[in-house]
Amino acid sequence: MKSPRAELVPHMEHYTFVLEDQPYIGFFQYGNERTPVYSTDSCGFRVTHTADGPATVADGRPPGPVRLLAGSSAVFGVGASGDHATVSSRLGSHYAPGLPWLNFAGQSLNSAQELMLLTLFQHLLLPEVAEIVLFSGVNNLVLSRLPAAQHGRHGAFFECGPAPDAAAVPGPAERIAHATALTIRHLGGWKLLAGALGARLTFVLQPLAPWVREEPAAQEKALFDELDDVSNWRRLHNDIASMDVGRAYAAALREGCAGLGVPFLDMNEALGAATGPADWLFVDRVHCVDAGYDAVARVLADRLGTSS
């Protein structure tokens with residue numbers, strides 16, 4: 001008998017999460033990868049499908065102004081059945097095709113690493129970037145459970161050390177405050193660079209399944225239960241996996257964004273309002289299936305006014 005994962009999302013076997021060690025950002029996708037579900041350019045950025053064909057940051061950038069969708073693994077599109085189904089591709093090929101969208105994302109990045117990615121590859125983005133949508137926030141809160149010694153001055157990163165005992169983990173309010181402070185600090189860097197590029201900048205709090213709705217769809221429950229049997233997600237992150245924590249985090253980030261003058265969107269609340277309780281959106285609690293990414297792209301185009 002097949003497992004729910006093998007039966008419902010067999011393409012997930014091709015997301016191996018094997019990354020290349022990289023200075024400054026820690027790790028990144030290998031360049032020129034070709035798998036049955038994703039392709040990367042020579043620098044490791046995923047290919048986006050646009051109305052005029054494929055586009056990438058390093059090799060296939062179309063002429064003229066572009067839009068960037070930046071962030072971590074959800075922007076990369078873990079869970080999508082192909083390059084055509086990522087958020088950037090759905091925007092670029094269907095919901096907001098007026099300007100090409102580029103997938104500007106790594107995997108397992110915190111906010112400092114996301115900002116570093118922009119500084120390291122800005123030379124490939126000049127001269128024209130019309131818009132940057134930073135789709136982020138979850139990883140900083142996940143990493144906030146790590147001990148202070150692992151955070152240093154700029155925040156902890158994945159694989160920086162062992163996870164602490166549950167008794168040593170700060171409470172949700174302290175974790176929200178810590179993650180918000182880091183996220184907004186690094187967003188200030190994005191604002192400066194976006195201004196230098198002449199680009200409009202928006203921050204979007206990416207969706208986490210329990211922040212979108214209280215009860216998962218039937219397919220999601222089957223997938224989550226299977227993952228919980230083989231992973232430590234529930235044990236490590238149950239304290240932040242509630243609607244109350246998601247809304248409190250969104251409120252803190254909204255206030256921080258307002259202080260910077262950067263528009264903010266809580267995709268959790270927006271996605272919950274735009275979809276039904278039985279809609280299958282997630283492959284795990286952080287990443288979506290094709291229909292979920294399509295719904296995210298539809299909401300983004302509508303809320304940001306980028307439907308052309």
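In this chain, residues are counted from 1 in sequence order. Predicted model only: the values in this text are computed from it and were never measured.
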>> Looking at Arg145 and Asp239, is any side-chain nitrogen of the basic one under 4.0 Å from a carboxylate oxygen of the acidic one?
In response: no

>> So does Gly92 get a backbone contact from the side chain of His49, meaning a donor-acceptor N/O pair under 3.5 Å?
In response: no

> Is Asp228 salt-bridged to Arg285, going by a charged N under 4.0 Å from an acidic O?
Replying inline: yes

> Hey, is Lys221 close enough to Asp225 for a salt bridge, meaning N to O under 4.0 Å?
Replying inline: yes

> Do the side chains of Gln29 and Phe45 get nearer than 4.5 Å, heavy atoms only?
Replying inline: no

> Got a donor-acceptor contact below 3.5 angstrom from the Lys191 side chain to the Leu260 backbone?
Replying inline: yes

> Which pairs, with at least one residue in residues 74-89 and sequence neighbours excluded, count as a salt bridge (Lys or Arg N to Asp or Glu O under 4.0 Å)?
Replying inline: Arg46-Asp83

> Who passes ring pair (Phe, Tyr, Trp, His ring centres under 6.0 Å) against Tyr30, sequence neighbours left out?
Replying inline: none

> More than 12 non-hydrogen atoms from neighbouring residues, nucleotides or ligands closer than 6.0 Å to CD on Gln122, yes or no?
Replying inline: yes

>> Taking side chain to side chain contact (heavy atoms under 4.5 Å, CB included) as the criterion, tell me which of Asp266, Val87, Val138 meets it with Gln206.
In response: Val138

> Is there a side-chain contact between Asn268 and Met243, using heavy atoms and a 4.5 Å cut-off?
Replying inline: no

> Less than 4.5 Å apart, any side-chain heavy atom of Val78 and any of Val286?
Replying inline: no

> Is a donor on one side and an acceptor on the other found under 3.5 Å between the side chain of Thr119 and the backbone of Met116?
Replying inline: yes

